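A quick write-up on the structure given underneath.
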Amino acid sequence: MSLWIWLLGALAAIAALAWIGLWAARRLSGNAPRYRDMSYGVAFGYALALAAIAAGIWLWMKPGAVYFRWAVMGFAICAVAAFLFRLAGRHLGPERLKRQFRKMPLTAAFGILVILIYAFVAIFAGWIAPHGQEAVLGAANVVPGGDPAMGGDPAFPLGTDRIGRDILSRLIYGAQNTVGLAFATTLLAFFLGGSLGLLAAVVGGWLDQVLSRGVDVLMAIPSLIFALLLLTIASVWADGARGLLTFYMVLIIAVIDSTRVFRLARSVGIGIVVMDYVEAAKLRGEGMGHLVFREILPNAMAPLLAEFGLRFCFVFLTIASLSFLGVGIQPPLADWGTMVRDLAQFINFAAFAPMVALAPLLPALAIAILTVGVNFVVDWMLHRASGLKS
Amino acid sequence: MTPLLEIRDLRIEGRSDEEWHPIINGVDLTLGRGEVLGLIGESGAGKSTLGLAAMGYVRDGVRISGGSVMFDGIDLMNASTEEKRSLLGRRIAYVAQSAAASFNPAHKLIDQHVEAPVRHGVQDRGESIEDAIELYAKLRLPNPEEIGFRYPHQVSGGQLQRAMTAMAMSCRPDLIIFDEPTTALDVTTQIEVLAAIRDIVDQFGTSAIYITHDLAVVAQMADRIKVLLRGDEVETAPTREMLDAPREDYTKSLWAVRGYHRPEKPKPGPESVPILAVEGVTAAYGEQVVLNEVSFDIHPGRTVAVVGESGSGKSTTARVITGLLPPRSGVVRFEGEALPPSYRQRSKDQLRQIQMIYQMADTALNPRQSIAQIVGRPVRFYSGLKGRRLAARVDELLEQIELDPAIYRDRLPGELSGGQKQRVGIARALAAEPRLIICDEVTSALDQLVAEGILKLLARLQDELGLSYMFITHDLATVKAIADEVVVMKEGRVIEQGPKTEMFTPPHHPYTDLLLSSVPEMDPDWLDRLLAERRVEALGEAATDKM
């Protein structure tokens, strides 16, 4: 109850601050248009922002708020890194690339930087990682931080897990396994859904009906449950062969996700098929291949690419959650979803030993940052495709 | 007495590619009480931007960088949002180009009409509804008692435009800005809207700024005309003076456009085989019959214009000829030989012979292909040319349409102007080396000067290559300029057809007469005269009905 009273009081204070601030600004500036035409709602927004900043500073001062301080510092580091990356892009490289960087918002620069780093780490995991992903190195449950006084070990900067495998190495290999598989799955989903969707749009009629209703049936079943069900069947078929099970998993997720791609490709395609240039190509006597790949696909590219980014995130999260549930990527292969599950108990120590609780948060953070980064890039591409200019 | 609206040295800039570009460079404008000022110019001349600035408003991404706008002694540039809010809708109103896009489709007309008067406290809802019905009657809307209680989609385009004018009138504003209110309408509908707008503006002594690109329309409406060119004023003069003796070269060139005229070619001999013969074609979309027993011939080297209002079946005829819509009955013959009904069954050579040029060059050219790809594809597809010979042929085609290949070969359609895009559309049709080209409203989306250039180009190509044209249009000025024969269509039927000179000399079929007389002329008295004539006719008919 007191919390509610407290919240209401704070709101009232902010409202009063906004009113007084607006009045004062009008008086002091001699009724300049900027303040004269500012509505109370906007002034309230400014007051709210001020209050939020004040609350942030207060929280920063509190000794217990370790994670908050880390988050703020992490945010600042990310922002600076993105800014430097964009600055570098604006002054290095070929002219066309420079022009792209000049128009780029900071969020998109951050997204691209994240994707580049992840791709680099995934490709060169074998060289970067200090240990093998399956190597059991003796000391179990080493605390992250590398400080022996706190139970850490300088040899394992991010600690080890319950059976003594190096978490840093497993994080790096996890990029390869999780991101690589997600990428392959998304590509397959796009190949399936994209080509069938555009074909349905061009041909129309009964082919469109058959494909669309088939997709409706697949979409009617909740995707995670459906994937679980199919994977259970597949694990019987795979009969313990790990590679085969992973292959089945890629196939199943690709088919389930291709339904969404199909929907998008079909609706985008239908919008393009009615264009006069497609009609002109039809009247010229062009074949289906030319129509789909030369006339329609280039114009459907922007929304499809944007969808690719989003879909990649969803596939990635699906794989992580399947692994968390134990039917995805099989141990001892490193995978971020599995790592979160394995280290989950440590989260209970968060209140009194922040470093210990960091262990399960690191793979979760790896997932979160990639998702955010990819979405930033997708937003930017959608923005450019829609022709909106800020 | 001070003028109602006074704009001094107004400068407006728009933002694109992270830079500010000038849109209006220091234009002055003075509007007296009860005066109607016509604002004309090509697209991109800044007419609409200037019109909106007269309300103290600019669109997003646009800013006023200098000058002043005084409305009845109020400085709109420095007025607060509150002050502007009390003026807009009440003392200054705006009528947009497309009423269909400006009405909220989810609310009834009357609910949108009463919003301004109720909000500004001019009238309460009941009074305002009564007033709306009166205004609807004044604007000669059918069923003024009930029409307001319909949704926008239940009312025709011309009626909607008048309802919008009534809405602008609802608070009896001192100034109305009309932004191309009749551009999207058919000629026959345009007349009604023009007459209605003019009457009501006269009646209430409202001042108005009338924005349009059609000189003949502005001649009917305005007391004074101001000509704009790329953000600069060219000249301003009272309407009659401007029409009789334009001072500037640019204005003269605008006036001269309507003078383009191509003499009718001699009639084909009796033994001439028509290149295209449409014989008794009936076509339908599902159950809806849209073409009814349509027949006409096109002889080699001639231009046949197919005219009619929107919905008359002109474009459907083109779809039947190209094979996109197989007819229900009837046949299309090419050089005496029956074409298969669907384009899918036609041979490559049959497809090559008939090419199309589209109305909207924006949607007719693939935005992701370069000009060389767009023009080169048909060349390669039909003749199999490759490599350097293909490139040479493309250059030759671009030279034929008067575009410099070195500059335009590698550009994308988005980097061309409207007229240039339409030229590329022509080049693509030529690339197939056809005998017949179907031109579907090819000039109606273009400014008059640019349209004239396209018509001249088509005429030149016809002389050089012996092409035949089927020219679909609703613009009779275009027909007068280039046609040899005219086919008049209405509701899917051919009403009248014949050589141009015959068609343009009386007696006409009544519908042809209506179409012809509805084309605005560059004479300020034309609308008055026409309305007077029609009124006399209507009275005469009423009298005969009684007897």
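Throughout, protein chains are lettered first and strands after them, A, B, ... in sequence-line order, and every chain is numbered starting at 1. Since the model is a prediction, treat every value here as computed from it, not as a measurement.
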Distance from B:Lys348 atom NZ to A:Arg284 atom CZ, nearest 0.5 Å?
11.0 Å
Within a radius of less than 6.0 Å around CZ of A:Phe83, do more than 12 heavy atoms belonging to other residues, nucleotides or ligands occur?
no
Any residue meeting salt bridge (charged side-chain N to carboxylate O under 4.0 Å, His left out) with A:Glu307, in chain and number order, not counting sequence neighbours:
A:Arg311
Regarding B:Arg319 and A:Glu279, does a basic nitrogen lie under 4.0 Å from an acidic carboxylate oxygen?
yes
More than 12 heavy atoms of other groups within 6.0 Å of B:Trp20 CH2:
yes
Heavy-atom distances under 4.5 Å only: say whether A:Arg36 touches chain B with side chain, backbone, both or neither.
side chain
Please determine whether the number of non-hydrogen atoms from other residues, nucleotides or ligands lying under 6.0 Å from atom CZ of B:Arg119 exceeds 12.
no
Residues from residues 353-364 of chain B approaching chain A under 4.5 Å (heavy atoms)
B:Met356, B:Tyr358, B:Met360, B:Thr363, B:Ala364
Which atom pair, heavy atoms only, marks the closest approach of B:Arg368 to A:Asn299?
CG-OD1, 3.1 Å
Minimal non-hydrogen separation, A:Leu283 against B:Tyr382, with atom names
O-OH, 4.2 Å
Are the side chains of B:Gln369 and A:Glu295 in contact, using a 4.5 Å heavy-atom criterion?
yes
Please determine, among B:Asp60, B:Ile374, B:Leu324, the option with the most heavy-atom pairs under 4.5 Å with chain A.
B:Leu324
B:Ala431: partners by side-chain contact (heavy atoms from CB on, under 4.5 Å), with sequence neighbours left out:
B:Val375, B:Pro378, B:Val379, B:Leu397
In this structure, are over 12 heavy atoms from other groups packed under 6.0 Å from B:Glu337 atom CD?
no
Within-4.5 Å side-chain heavy-atom neighbours: B:Arg377 and A:Glu286
yes
Enter the distance from A:Arg294:CZ to B:Asn366:CG here, rounded to the nearest 0.5 Å.
11.0 Å
With a 4.5 Å heavy-atom cut-off (strictly below), which parts of residues 419-428 of chain B touch chain A? List them by number.
B:Arg428
Is the count of non-hydrogen atoms from other residues, nucleotides or ligands lying under 6.0 Å from A:Phe191 atom CZ greater than 12?
no
Heavy-atom count around A:Phe314 CZ within 6.0 Å, excluding the residue itself: above 12?
no
CZ (A:Arg213) with more than 12 external heavy atoms under 6.0 Å:
yes
NZ of B:Lys386: more than 12 outside heavy atoms within 6.0 angstrom?
no
